[in-house]
Each structure stands twice: as structure tokens, then as C-alpha cells.
Colleague: 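Below are the C-alpha cells for one structure; questions will follow.
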2 protein chains.
Amino acid sequence: MGNAKEGRDPRVQKWAPVCQAVALLLGPYAEVVLHDPDTDQVLEIWNPMTSRGPGDPSLLGELDELDPSAQDVFGPYEKLLADGRRLSSVSAVLRDAQDRPSAVLCINLDRTPLEQASAVLSAFGAPTVQRPRPLFEQDWSERIQHIIGGYVRETGRPVERMTRQDRLAILGRLDEARVFAVRRAAPVVAGALRVSRSTVYGLLAELRTPSAKD
Amino acid sequence: MGNAKEGRDPRVQKWAPVCQAVALLLGPYAEVVLHDPDTDQVLEIWNPMTSRGPGDPSLLGELDELDPSAQDVFGPYEKLLADGRRLSSVSAVLRDAQDRPSAVLCINLDRTPLEQASAVLSAFGAPTVQRPRPLFEQDWSERIQHIIGGYVRETGRPVERMTRQDRLAILGRLDEARVFAVRRAAPVVAGALRVSRSTVYGLLAELRTPSAKD
DNA sequence: CCCATGCTTGGACTGTACGTCCAGACTGGA
DNA sequence: TCCAGTCTGGACGTACAGTCCAAGCATGGG
């Protein structure tokens with residue numbers, strides 16, 4: 001925080017107060033990340049909720065390829081962490097004086113405590129318990145499509161023309177969303193990703209071994 | 001509170017500490033009433049939300065006619081006040097040493113402030129651009145507990161002492177919620193229902209064959 | 001009290017899907 | 001051309017989903 005400034009990226013210097021303010025405001029439940037869209041790396045991170053740090057890959061995709069006239073603020077969209085926490089995330093493309101993308105700001109808010117509190121309160125209210133019918137995630141294959149579609153929308157890259165890294169990222173999200181706990185999900189994912197079942201398992205294994213990663 | 005005791009009903013003396021404790025715990029939003037099931041009158045009232053007082057008619061109905069072996073705790077059910085406030089209410093039959101109904105305890109909780117707070121919190125959590133509500137149950141074992149718990153609360157019957165029909169009903173709901181599409185769910189359900197895996201599959205088969213049904 | 005009936009149970013068994021492994025095919029780059 | 005990295009179909013072992021059954025156990029009628 002109060003350390004030497006000469007080593008810090010000017011973009012970090014420029015936006016750090018904003019990021020820090022947001023991080024302080026939202027307390028321990030929000031993570032604020034500043035990404036470098038060129039190198040696709042994390043520039044700085046406040047209140048990190050995972051073990052990421054500056055220099056780590058962003059896994060954002062090439063946002064800089066986006067049309068300058070296009071939207072600069074994305075979300076809020078949903079992310080799922082491995083431990084079950086649910087995040088509401090927003091991203092914003094920050095531009096320099098020449099209107100070129102200079103950094104990408106992401107704010108990830110952990111919804112879990114809010115949802116728990118909300119559940120406690122509404123549980124108080126439930127009188128003649130009506131059937132919790134409306135709320136089932138009827139179709140898990142929809143969830144698969146949702147996650148993959150979200151990634152495609154984020155990166156602007158269709159399922160064909162995806163690199164190995166893209167597939168790894170998507171499988172990471174699917175795995176975090178516990179998609180593979182349901183029967184017959186792996187072949188469906190393979191089909192949706194236009195890839196063989198073997199590849200899915202291979203990438204998944206690579207993703208889950210801490211040794212092969214990083 | 002500190003007034004003469006000679007005029008007070010012994011039942012009030014007996015139960016007053018409990019009632020007062022509940023009234024204190026739930027703050028200004030809960031009303032605690034002690035009824036006399038014989039005369040159908042209010043014995044005592046803490047945190048009254050209407051202008052009722054001791055001696056007023058209870059409007060409870062003849063609870064004393066209940067089978068001694070039947071249920072002694074009712075609710076929560078909904079009540080509506082004239083001013084629009086909604087209450088969640090529970091009632092309990094309090095018995096004496098001879099196991100005869102001696103008094104009826106009612107707790108009425110004003111849901112309105114809780115509902116408002118709940119709305120605030122869920123507004124925080126529900127911003128995403130997603131369709132209606134994909135927002136539930138990351139954890140399928142929680143969903144199982146939720147469905148079973150809901151049924152127990154509805155019928156007031158614990159998992160032991162359940163009849164075959166209860167189990168059929170619960171399995172129907174679980175099946176509708178697609179719980180059995182996830183791996184290892186059946187043994188978990190069997191455990192939660194205090195029943196063997198065989199029984200689960202047996203009931204499930206009975207449930208899914210149109211011929212054996214109705 | 002005994003027997004009949006119906007439900008549950010553990011265990012054995014089969015089938016299906018999971019996940020691993022590998023040799024060969026394909027790709028892009030030196 | 002070779003080489004390294006990746007994907008692929010298929011074979012294979014394992015784990016789990018479901019089925020089946022003989023034996024226990026409760027309930028209720030005679």
C-alpha cells in the first residue's frame with residue numbers, strides 16, 4: 001500500500017485509489033482485480049479471494065480485440081468458486097487518453113453471506129410452506145450451455161477456433177460449477193465443446209493436478 | 001410483572017418465564033399469548049400487537065377436544081392483521097402432570113420487517129443478467145435436505161414415524177427435482193430417509209410405473 | 001396365540017457409465 | 001522432412017446404478 005511507487009505500473013498508480021476504495025467499501029466479501037489486457041495478466045489485486053497475484057494469467061480472453069464502439073462494461077454475471085461460493089462479477093474496460101484499452105477492472109462480490117442472510121430472513125417468513133416448485137434448475141445441460149455461451153460472449157471466440165487454453169478455462173468453470181457430478185454430463189460437454197470424450201477427461205485431469213499446472 | 005401473584009393463574013405463573021423469554025428474544029415483532037383452552041380466553045399476553053388482554057376471548061376453537069395422542073404443535077401458519085401486517089404463528093398445547101391440556105401457547109411473529117430486510121438483501125444478490133432464476137442449490141445434498149425438511153415441516157412428521165406414503169411422496173418430489181440425476185445421490189437419500197438403498201429403488205420403481213400407480 | 005400378508009433389508013448380481021490408457025493421426029513450426 | 005504437441009477412437013478396469021431374491025420383521029385378523 002505505502003510501498004515504493006517507482007516499480008509500479010502507472011496504470012496501477014492511476015486506478016489504485018478507486019480499486020482500494022471499492023475494496024474497502026465492500027469489505028472482505030469483494031475482490032477487486034486490475035488486469036492488463038495486452039499481456040492478459042493480473043496487474044494488481046485487492047482482497048484476493050483465491051491465491052492469484054500480480055503476474056498471474058488473467059484468463060480473461062482478448063478483450064482488447066473488442067470493437068471500440070462496443071460495450072465497455074460487462075455483467076453482472078455469475079461465477080462459481082470451487083468451494084461453492086457464488087460471485088457476482090462486473091468488468092469494465094478502462095481506456096487511456098487516446099481511448100485505447102489500458103486496463104480491465106473486475107469486481108467480484110461474494111454473494112454467499114448475503115444469500116445466507118436472506119435465506120435466514122425469508123425462512124422466518126415461510127408460513128404455510130408452499131411447494132418450492134418454481135426453483136429447480138430443471139435442465140443441467142442448460143447450465144452447460146450457459147457457461148460455455150458466457151465464455152464465448154466474453155472472449156468473442158466461437159466454439160470452433162478455440163485454443164487449448166480456452167477449453168481449459170471453460171472446463172475449469174464447468175468443474176467449479178460441479179457439472180461433472182451429474183450423470184452423463186461428460187459426453188454432453190464433449191459434444192458441446194466439439195471435442196472427444198477422451199480430450200475432456202485429459203484436460204480435466206491436467207486441470208485437477210496441481211503439479212502439471214503453472 | 002412485579003404485581004401481586006395471588007390473583008394470577010397458576011398456569012401463568014408456571015409458564016410466564018418461558019413466554020417472557022420468547023417475547024424478549026424476538027423483540028418487538030413477536031407477540032406471545034397464553035390461552036385457557038377450557039374457557040377459551042386469553043390468560044396472559046406479552047408484547048400485544050392488538051388490543052387484546054387477559055380475559056378476552058381466544059378465538060382459538062376447541063383445541064381441548066383434540067386426541068391426546070395427536071399432535072401438540074401447530075404451524076407455522078399465516079395470519080392477517082387488519083392493518084395488513086402478516087404474521088407467522090405457531091401454537092403449542094401445554095399439558096399438566098396428568099397429561100391433560102392445561103394451556104395453549106401462541107407465538108405470533110410479524111413478518112413484515114423481516115420481509116423488507118430480505119428484499120433488501122436479495123436485491124443485492126439478484127442483479128445478474130441471467131434468466132428468471134437459475135439461482136439455487138449449488139449443493140445437491142442441501143437440496144435433498146431442503147426437500148425432506150420441507151415435507152417434515154409441512155406434515156409435522158419426523159423422518160422416523162413416516163409411513164410408506166410419506167416416503168413415496170418425498171421420493172416423488174426428489175425425483176421431480178432431478179435429484180437422482182447426480183451421482184451417488186441414491187445412497188444419500190436412503191440415508192437421509194433412514195431406509196435401505198433397496199427400498200429407495202423399490203419405491204422409485206413403483207412411483208415411475210404408470211400401471212402400479214392409482 | 002398363530003398365521004397370513006405386506007414391507008423392508010442385506011446381499012448378490014447385471015448393466016451402464018465413468019475414467020484411464022495407448023497407439024495412431026493430425027497439425028504447425030524448424 | 002522431422003519433431004513436438006495435441007486430438008482421437010477404442011480397449012479396458014472400476015465404480016456405481018439398478019434389479020432381484022430369500023429371509024427378517026411388523027401388523028392385524030382369526
Side-chain angles (χ1 to χ4, degrees), chain A residues 57 59 62 82 139-141 143-144 148 151-152 155 157-214, chain B residues 67 69 139-141 143-144 147-148 151 155 157-214:
Chain A
L59 301 178
E62 288 84 348
D139 202 358
W140 48 270
S141 71
R143 177 185 290 214
I144 294 176
I148 296 181
Y151 189 91
V152 171
T155 64
R157 208 169 311 141
V159 179
E160 311 85 355
R161 316 222 189 297
M162 268 190 184
T163 126
R164 179 184 178 81
Q165 293 311 314
D166 292 321
R167 284 190 266 268
L168 274 172
I170 291 183
L171 284 179
R173 294 193 189 178
L174 290 169
D175 199 22
E176 279 176 356
R178 297 289 182 276
V179 161
F180 297 101
V182 349
R183 288 169 65 85
R184 262 156 299 179
V188 172
V189 169
L193 245 37
R194 311 302 188 108
V195 136
S196 81
R197 207 174 60 96
S198 304
T199 304
V200 168
Y201 283 118
L203 295 175
L204 227 36
E206 180 178 337
L207 207 52
R208 305 208 251 224
T209 55
S211 54
K213 189 65 206 317
D214 292 58
Chain B
D67 181 0
S69 68
D139 193 358
W140 51 271
S141 73
R143 176 186 293 208
I144 294 175
I147 293 178
I148 297 180
Y151 189 91
T155 65
R157 210 166 311 139
V159 179
E160 309 85 356
R161 316 223 189 296
M162 267 190 185
T163 126
R164 177 183 181 80
Q165 294 310 314
D166 291 322
R167 284 190 267 267
L168 275 172
I170 290 183
L171 285 179
R173 294 190 189 180
L174 290 170
D175 200 20
E176 277 178 358
R178 300 290 184 273
V179 161
F180 297 101
V182 350
R183 287 168 65 82
R184 259 156 299 178
V188 173
V189 169
L193 245 37
R194 310 301 189 109
V195 137
S196 81
R197 206 174 61 98
S198 305
T199 305
V200 168
Y201 282 117
L203 296 174
L204 227 36
E206 180 178 338
L207 207 52
R208 306 208 250 226
T209 57
S211 56
K213 189 66 204 315
D214 289 56

Colleague: CD of B:Glu160 versus C1' of C:dT8: gap in Å, rounded?
Modeller: 16 Å
Colleague: Which parts of residues 192-200 of chain B get close to DNA chain D, meaning a heavy atom less than 4.0 angstrom away?
Modeller: B:Arg197, B:Ser198
Colleague: Return no unless some side-chain N or O of B:Arg167 is found under 4.0 Å from OP1 or OP2 of C:dC7.
Modeller: no
Colleague: What distance do A:Arg183 atom CZ and B:Arg184 atom CZ have between them, rounded to the nearest 0.5 Å?
Modeller: 11.0 Å
Colleague: When the distance from CG of A:Leu168 to C1' of D:dC7 is rounded to whole Å, what number comes out?
Modeller: 13 Å
Colleague: With respect to the phosphate group of C:dT8, does any side-chain polar atom (N or O) of B:Arg164 fall under 4.0 Å of OP1 or OP2?
Modeller: yes
Colleague: Donor-acceptor pair, A:Asp175 side chain versus A:Gly172 backbone, under 3.5 Å?
Modeller: no
Colleague: Would you indicate what A:Ala185 reaches in the nucleic acid, counting non-hydrogen atoms under 4.0 angstrom: base, sugar-phosphate, or nothing?
Modeller: sugar-phosphate
Colleague: Kindly compute the distance separating CZ (B:Arg161) from CG (B:Asp166), expressed to the nearest 0.5 Å.
Modeller: 13.0 Å
Colleague: Quickly work out the A:Tyr201 OH to D:dG13 P distance and round it to whole Å.
Modeller: 18 Å
Colleague: Please give, in whole Å, the distance from D:dT19 C1' to B:Glu206 CD?
Modeller: 15 Å
Colleague: For every nucleotide of nucleotides 24-30 of chain C, 5' to 3': is a protein heavy atom under 4.0 Å from its base (B), only from its sugar-phosphate (S), or from neither (-)?
Modeller: -------
Colleague: Nearest heavy-atom pair of B:Phe180 and B:Ala185: which atoms, and what distance?
Modeller: CA-CB, 4.4 Å
Colleague: Return whichever of B:Ala186 or A:Thr163 has its heavy-atom-nearest nucleotide of DNA chain D closer to the 5' end.
Modeller: A:Thr163
Colleague: Between P on D:dT19 and CZ on B:Phe180, what's the gap in Å once rounded to a whole number?
Modeller: 12 Å
Colleague: Starting at CD1 of A:Ile170, measure out to CD1 of A:Ile144 and round the result to the nearest 0.5 Å.
Modeller: 11.5 Å
Colleague: Taking atom C1' of D:dT8 as reference, at what distance in whole Å does atom CG of A:Leu203 sit?
Modeller: 13 Å
Colleague: Got A:Val182 and B:Arg178 here, is their nearest side-chain heavy-atom distance under 4.5 Å?
Modeller: no
Colleague: Is there a side-chain contact between A:Leu174 and A:Leu204 in this structure, where contact means two heavy atoms from C-beta onward sitting under 4.5 Å apart?
Modeller: no
Colleague: Only pairs under 3.5 Å count here: list side-chain donor-acceptor contacts from residues 196-203 of chain B, not counting sequence neighbours, and write none if there are none.
Modeller:
from: B:Ser196; atom 1: OG; to: B:Ser198; atom 2: N; distance (Å): 3.4
from: B:Ser196; atom 1: OG; to: B:Thr199; atom 2: N; distance (Å): 3.2
from: B:Ser196; atom 1: OG; to: B:Thr199; atom 2: OG1; distance (Å): 3.1

Colleague: What is the separation between atom CD on B:Gln165 and atom P on C:dG6, rounded to the nearest whole Å?
Modeller: 15 Å
Colleague: Are any of A:Arg183's side-chain N or O atoms less than 4.0 Å away from OP1 or OP2 of C:dA17?
Modeller: no
Colleague: Might you work through the side chain to side chain contact (heavy atoms under 4.5 Å, CB included) test for A:Leu171 and A:Val189, ending with a clear yes or no?
Modeller: CA-CA 9 Å; A:Leu171 284 179; A:Val189 169; 3.9 Å; yes
